[in-house]
Amino acid sequence: GLTGNKGWKPHWRDPEPKAEYDVIVIGGGGHGLATAFYLAKEHGLTNVAVLEKGYIGGGNVGRNTTIVRANYNLPGNSEFYSHSLKLWEGMEQELNFNTMMSQRGVLNLFHSDSQRDYAARRGNSMVNQGDDAQLLGPDGVRKLAPFLDFDNVRFPIYGGLYHPRGGTARHDAVAWGYARGADMRGVDIIQNCEVTGIDIENGQVRGVQTTRGAIRAKKVGMVVAGRSSQVAALAGMRLPIESHVLQAFVTEGLKPFIPGVVTFGMGHFYISQSDKGGLVFGGDLDFYASYAARGNLPMAEHVMEAAMTLMPAIGKARVLRSWGGIMDMSSDGSPIIDRTHIDGLYVNCGWCYGGFKAVPGSGFSFAHLLATDRPHEPAARFRLDRFATGYSIMDEEGTGAQHN
Ligand code: FAD
């Protein structure tokens, strides 16, 4: 149907790298593109390049299960994700791009008294932060999600913590929207350009080596998600990060029956339904360190088992596809947005399996740090030295008790 259309214009240019930039952002995922966009929009810095070794949207930004929320518990994460959700709410206007942001609600189930206590505490933190939370009993859950197995005697549903402003967005549209917005403001987005070295002289960053030649820069930001340890190693750094595969699955398209996002409290499983009707779901990490962006069958079986425990009806659906992405897991489950010991070199990583919802907030905060050399207040606790000083942010959400 589109073959008759002529004159399609690319959404962003395909520039040759310049010899020098004020800022180089390594990594054209959601976080790198949002960083470049806010550098230009908020700080007027447009002599900026995003260097992407593959293509825009080929990393985790295009592989995640698209869940967006602000339901963290601990200071540090609370204010950061609250800020990020507000940016999500204005994103389509800000980018003039349909990112299909849909606040269809996130429901975290609990299955014991102690889980209910924790859900109540977390809900209070959310409300104190200015976000929304409702503690539901079994009847409230039944109204929202009648398709769950309420007779399951092993893990009875005691209730759920409901976050109406959470929801889903179209992941690759987020990458495209930020890419177009950054490009329109003069940022060079350079695809098929892998960074292979970081040039440092007398403790100061001078630029990078790439598969398309050397490029000088006054400042360099590393935002490469699952490849964080490898890229930091180019600057002689060892990060508190391990890379693991996370898988996800989608079924054939079905008539709408799951209104929002549901997470299981007694196993690693969560689910939503895409606008095309596919059930999109996932579970736990494959528990071995790996740089392979594909998963293994034992975890697929584990996720399907959890799915059948919570909603046996899913057994009638056929899984169409599964895929994996490489997660930058930090040891406390919370991220890092900070300077490094090398002048002009900055790091943004440790998003674990929850960094899609962080895309606008992370880009905004990292751009602030790169432009001003001062941390942005909502991200001020995401320091690299917390792993040495012991000020970790061990949020139960962040460590994956109910990730998505
Ligand atoms: P990426 O898109 O991976 O970007 C990093 C980029 O860096 C890549 O494009 C890569 O090619 C590039 N790069 C690497 N090395 C180099 C180099 N040397 N030179 C140049 N470029 C380089 N989060 C949520 O909030 N909600 C969810 O529901 C959710 N579900 C998920 C489900 C799955 C299956 C997966 C895999 C992830 C999920 N996540 C979720 C996590 C989220 O997707 C990530 O935390 C986030 O996308 C990471 O940031 P990014 O978008 O910048 O990463």
Side-chain angles (χ1 to χ4, degrees), residues 24-36 49-72 81 84-85 88 106 166-169 171-172 174-175 178-179 190-198 208-212 220-234 243-250 261 263 270-272 280-286 291 293-295 299 303 321-330 335 348-363 366 397-398 400 403-404:
I24 283 178
V25 176
I26 310 175
H31 293 238
L33 294 165
T35 301
V50 177
L51 306 184
E52 166 53 48
K53 80 170 178 175
Y55 60 93
I56 297 306
N60 294 335
V61 70
R63 292 169 179 265
N64 62 76
T65 42
T66 79
I67 295 160
V68 171
R69 58 189 165 86
N71 59 357
Y72 283 72
Y81 287 101
S84 196
L85 183 56
W88 275 107
V106 173
T168 56
H171 46 14
D172 36 22
V174 174
Y178 276 119
I190 302 168
Q191 304 183 72
N192 300 312
C193 181
E194 178 173 356
V195 170
T196 53
I198 296 180
V208 295
Q209 300 290 324
T210 79
T211 46
R212 294 174 66 172
V220 174
M222 303 181 283
V223 208
V224 290
R227 300 279 172 181
S228 294
S229 307
Q230 292 175 322
V231 172
L234 299 176
S243 289
H244 291 259
V245 179
L246 180 69
Q247 300 186 59
F249 308 85
V250 67
V261 179
T263 75
Y270 63 95
I271 190 162
S272 67
V280 181
F281 61 95
D284 216 339
L285 294 172
D286 281 29
Y291 290 109
R294 59 175 185 276
M299 190 49 70
V303 172
R321 286 194 313 275
S322 71
W323 63 92
I326 315 166
M327 312 285 66
D328 39 332
M329 303 301 295
S330 64
N348 175 324
C349 66
W351 295 100
C352 300
Y353 28 42
F356 179 62
K357 72 183 81 68
V359 162
S362 162
F366 200 39
E397 258 316 303
H403 91 275
N404 46 62

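All residue numbers in this chain count up from 1 along the given sequence. Counting convention: from 1, in listed order, for ligands and their atoms alike.
A side chain to side chain contact (heavy atoms under 4.5 Å, CB included) with Thr196 is found for one member of Thr211, Leu234, Val231 and no other, namely Thr211.
Counting only non-hydrogen atoms, the option in Ile190, Thr210, Leu246, Asn60 that gets closest to atom 3 (O) of ligand 1 is Asn60. Distances from atom 19 (N) of ligand 1 to the heavy atoms of Val195, Ile24, Asp172 show the closest one on Val195. The heavy atom nearest to atom 14 (C) of ligand 1, considering only Arg227, Gln247, Lys357, is found in Arg227. Summarising the contacts of atom 29 (C) of ligand 1 with Val50, Val245, Asn64, Leu51, the nearest heavy atom is found in Asn64.
Between the side chain of His31 and the main chain of Gly355, a donor-acceptor pair closer than 3.5 Å is present. Counting only distance, with no hydrogens or angles, the side chain of Asp328 and the backbone of Trp351 share a donor-acceptor pair below 3.5 Å. Looking only at distances, no side-chain donor or acceptor of Arg294 sits under 3.5 Å from a matching main-chain atom of Gly324.
Geometrically, ligand 1 and Gly30 share a nitrogen or oxygen pair separated by less than 3.5 Å. Close N/O approach between Gly324 and ligand 1 is not found [any backbone or side-chain N/O within under 3.5 Å]. Of the polar atoms of Glu52, at least one N or O is found under 3.5 Å from an N or O of ligand 1, judged by distance alone. Not a single N or O atom of Val359, backbone or side chain, sits closer than 3.5 Å to an N or O atom of ligand 1. No N or O atom of Met327 sits closer than 3.5 Å to an N or O atom of ligand 1. Backbone and side-chain nitrogen or oxygen atoms of His31 are examined, and one is located within less than 3.5 angstrom of a nitrogen or oxygen of ligand 1. Below 3.5 Å of separation, one finds no N or O of Gly325 facing any N or O of ligand 1.
Between Arg69 and Tyr81, the shortest heavy-atom distance links the atoms O-CB, 4.3 Å. When all heavy atoms of Glu52 and Gly54 are compared, the pair lying nearest together is OE2-N, 2.7 Å. When all heavy atoms of Gly361 and Ser84 are compared, the closest pair comes out as N-OG, 3.1 Å. When all heavy atoms are compared, the tightest approach of Ala179 to Ile56 is CB-CG2, 4.4 Å. The shortest non-hydrogen separation linking His171 to Val61 is CB-O, 3.0 Å.
The number of heavy atoms from other shown groups lying within 6.0 Å of OH (Tyr55) does not exceed 12.
Residues Ile190 and Arg212 meet the side-chain proximity criterion, which asks for heavy atoms closer than 4.5 Å.
Between the side chains of Ser362 and Asn348, at least one donor N or O sits under 3.5 Å from an acceptor N or O.
Here is the list of ligand 1 atoms found below 4.0 Å of a heavy atom in Arg63: 33 (C), 34 (C), 35 (C). Atom numbering of ligand 1 starts at 1 in the shown order; those under 4.0 Å from a heavy atom of Trp351 are 45 (O). Those atoms of ligand 1 with a heavy atom of Val61 less than 4.0 angstrom away are 1 (P), 2 (O), 47 (O), 51 (O). For ligand 1, the atoms closer than 4.0 angstrom to any heavy atom of Ile26 are 19 (N), 20 (C).
Residue Cys193 places a heavy atom less than 4.0 Å from ligand 1. At least one heavy atom of Cys352 sits closer than 4.0 Å to an atom of ligand 1. In this structure, Gly226 has no heavy atom closer than 4.0 Å to ligand 1. Residue contact check for ligand 1: Arg69 places no non-hydrogen atom closer than 4.0 Å to it.
Contacts between Tyr353 and ligand 1 below 4.0 angstrom, taking non-hydrogen atoms only, involve the backbone exclusively. Residue contacts with ligand 1 for Val231 involve side-chain atoms from C-beta outward but no N, CA, C or O (heavy atoms, distance under 4.0 Å).
Within the model, atoms CD of Glu194 and CZ of Arg227 stand 8.0 Å from one another, a figure rounded to the nearest 0.5 Å.
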